[in-house]
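As structure tokens, the structure follows; a few thoughts come after it.
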2 protein chains.
Amino acid sequence: MINFDALIIEDGIPIYLQIVRHIKRGIVSGVVKDRDELPSRRVLSAFLGVNPNTIQKAYRILEDEALIESHSGAKSYMSLDGARIAAVRDELVEADAKSSVEALKQMGVTKEQAIALIEKYWEE
Amino acid sequence: MINFDALIIEDGIPIYLQIVRHIKRGIVSGVVKDRDELPSRRVLSAFLGVNPNTIQKAYRILEDEALIESHSGAKSYMSLDGARIAAVRDELVEADAKSSVEALKQMGVTKEQAIALIEKYWEE
DNA sequence: ACAACCGTATTAGTGATATAATACAGTTGA
DNA sequence: TCAACTGTATTATATCACTAATACGGTTGT
């Protein structure tokens with residue numbers, strides 16, 4: 001069963017996108033595996049304190065990207081293979097590193113300063 | 001006159017926040033200086049192809065943070081000093097580095113890999 | 001078989017974002 | 001002086017994100 005304990009909903013970003021991102025990050029890290037069972041829409045909505053429709057919207061997006069298999073009446077499961085996992089990794093890691101580098105460069109931060117910042121915040 | 005040529009509006013993030021962020025990044029990089037003149041609401045809205053009210057919303061936020069001075073009928077100007085600039089730098093750099101580190105860690109990327117990614121994307 | 005789940009769909013309402021069309025009063029330069 | 005700007009404010013409309021309350025039919029374990 002996929003775990004959502006580490007997902008703290010923050011505002012400013014649509015909730016359904018945060019749920020999609022959380023699952024995708026799990027895919028990339030290897031915590032989420034092929035055939036893993038997903039909590040039902042109702043169960044997860046109660047756990048996160050959001051509307052079931054919001055969960056459905058997130059799951060729908062993942063299903064449209066063929067990362068989830070859903071069948072009426074039955075539980076939903078992850079559907080992953082090497083190609084899909086690699087695609088998600090590229091999407092997330094590239095987007096994150098690129099946007100971060102772009103922002104830091106635009107603020108006049110040097111590459112050395114950027115690396116120092118990464119090292120600093122890596123230890124929390 | 002503050003320049004907005006490098007600002008490409010992307011969707012998913014409110015436009016007024018993107019304008020605020022663009023100006024704040026300019027403050028941190030030193031491109032935007034104290035007493036710099038801002039384009040009028042109407043002029044900037046025409047240049048960016050958005051509604052004047054959206055610009056007003058962005059300028060209002062910056063004025064509330066005492067980074068802009070506006071007086072009815074007159075042009076608007078930046079109002080910066082060392083303390084304000086340092087505060088904006090801390091806000092932006094910290095937020096960017098922290099969120100990036102958090103995302104990469106959650107995806108199972110090691111610190112060394114993260115630094116390699118930064119170096120890779122630094123050259124575009 | 002059947003209760004308790006499951007996914008799915010629909011309708012309605014709220015708040016935020018953004019556009020559109022004005023209006024009014026203060027300023028500034030020629 | 002006065003026309004052309006400025007900031008500011010108002011009202012209306014549209015869309016999206018999210019909540020809320022249901023409803024329907026399929027799956028599953030006991």
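Residue numbers begin at 1 in each chain, while the letters A, B, ... track the order of the sequences. None of these values were measured; they are calculated from a predicted model.
Remark: side-chain polar atoms of B/Ser100 are not paired, donor with acceptor, to backbone N or O of B/Ala97 under 3.5 angstrom. A distance-only check finds no donor-acceptor pair linking the side chain of A/Arg41 to the backbone of A/Ile55 [under 3.5 Å].
For A/Ser72, whose side chain is taken as the heavy atoms from C-beta onward, the closest listed nucleotide among D/dG7, D/dT28, C/dG7 is C/dG7.
Between B/Arg21 and B/Glu91 there is no salt bridge, since no side-chain N of the basic residue sits under 4.0 Å from a carboxylate O of the acidic one. One finds a salt bridge joining A/Arg84 and A/Asp81 here, because a Lys/Arg side-chain nitrogen approaches an Asp/Glu carboxylate oxygen to under 4.0 Å. Between A/Glu65 and A/Arg60, no side-chain nitrogen of the basic residue sits less than 4.0 Å from a carboxylate oxygen of the acidic one, so the salt-bridge criterion is not met.
With the nearest nucleotide of DNA chain D identified for both A/Arg42 and A/Ile15, A/Ile15 has the one nearer the 5' end. Residue-to-nucleotide proximity on DNA chain D shows that, of A/Lys75 and A/Pro52, the 5′-proximal contact is made by A/Pro52. Comparing A/Ser76 and B/His71, the nucleotide of DNA chain C nearest to each residue sits closer to the 5' end for A/Ser76.
Between the CG atom of B/Asn51 and the P atom of D/dA9 there is a distance of 16 Å, given to the nearest Å. In this structure, the NZ atom of B/Lys57 is 8 Å from the C1' atom of C/dA18, given to the nearest Å. For the pair B/Leu48 CG and C/dA18 P, the computed distance is 12 Å after rounding to whole Å. Here the P atom of nucleotide D/dT15 and the CG atom of B/Asp11 are 16 Å apart, to the nearest Å. Atom CD1 of B/Ile55 and atom P of C/dT19 are 9 Å apart (whole Å). Taking atom CG of A/Asp64 as the reference point, atom C1' of C/dT8 lies 14 Å away to the nearest angstrom. Between the CG atom of B/Asn53 and the C1' atom of C/dA21 there is a distance of 10 Å, given to the nearest Å. Spacing between atom CD1 of A/Ile19 and atom P of D/dA17 amounts to 13 Å, rounded to whole angstrom units.
Using a 4.0 Å cut-off, no side-chain N or O of A/Thr54 falls inside it from OP1 or OP2 of D/dA17. For C/dT17, the OP1/OP2 oxygens have a side-chain nitrogen or oxygen of B/Tyr16 closer than 4.0 Å. For B/Ser40 and D/dC5, the shortest distance from a side-chain N or O to OP1 or OP2 is not below 4.0 Å. Distances shown here put every side-chain N or O of B/Arg41 at or beyond 4.0 Å from the OP1 or OP2 atom of D/dA9. Taking side-chain N and O atoms only, B/Arg60 has a distance below 4.0 Å to OP1 or OP2 of D/dA9. For the OP1/OP2 pair of D/dT8 and a distance below 4.0 Å, the side-chain nitrogens and oxygens of B/Gln56 include at least one atom meeting the criterion.
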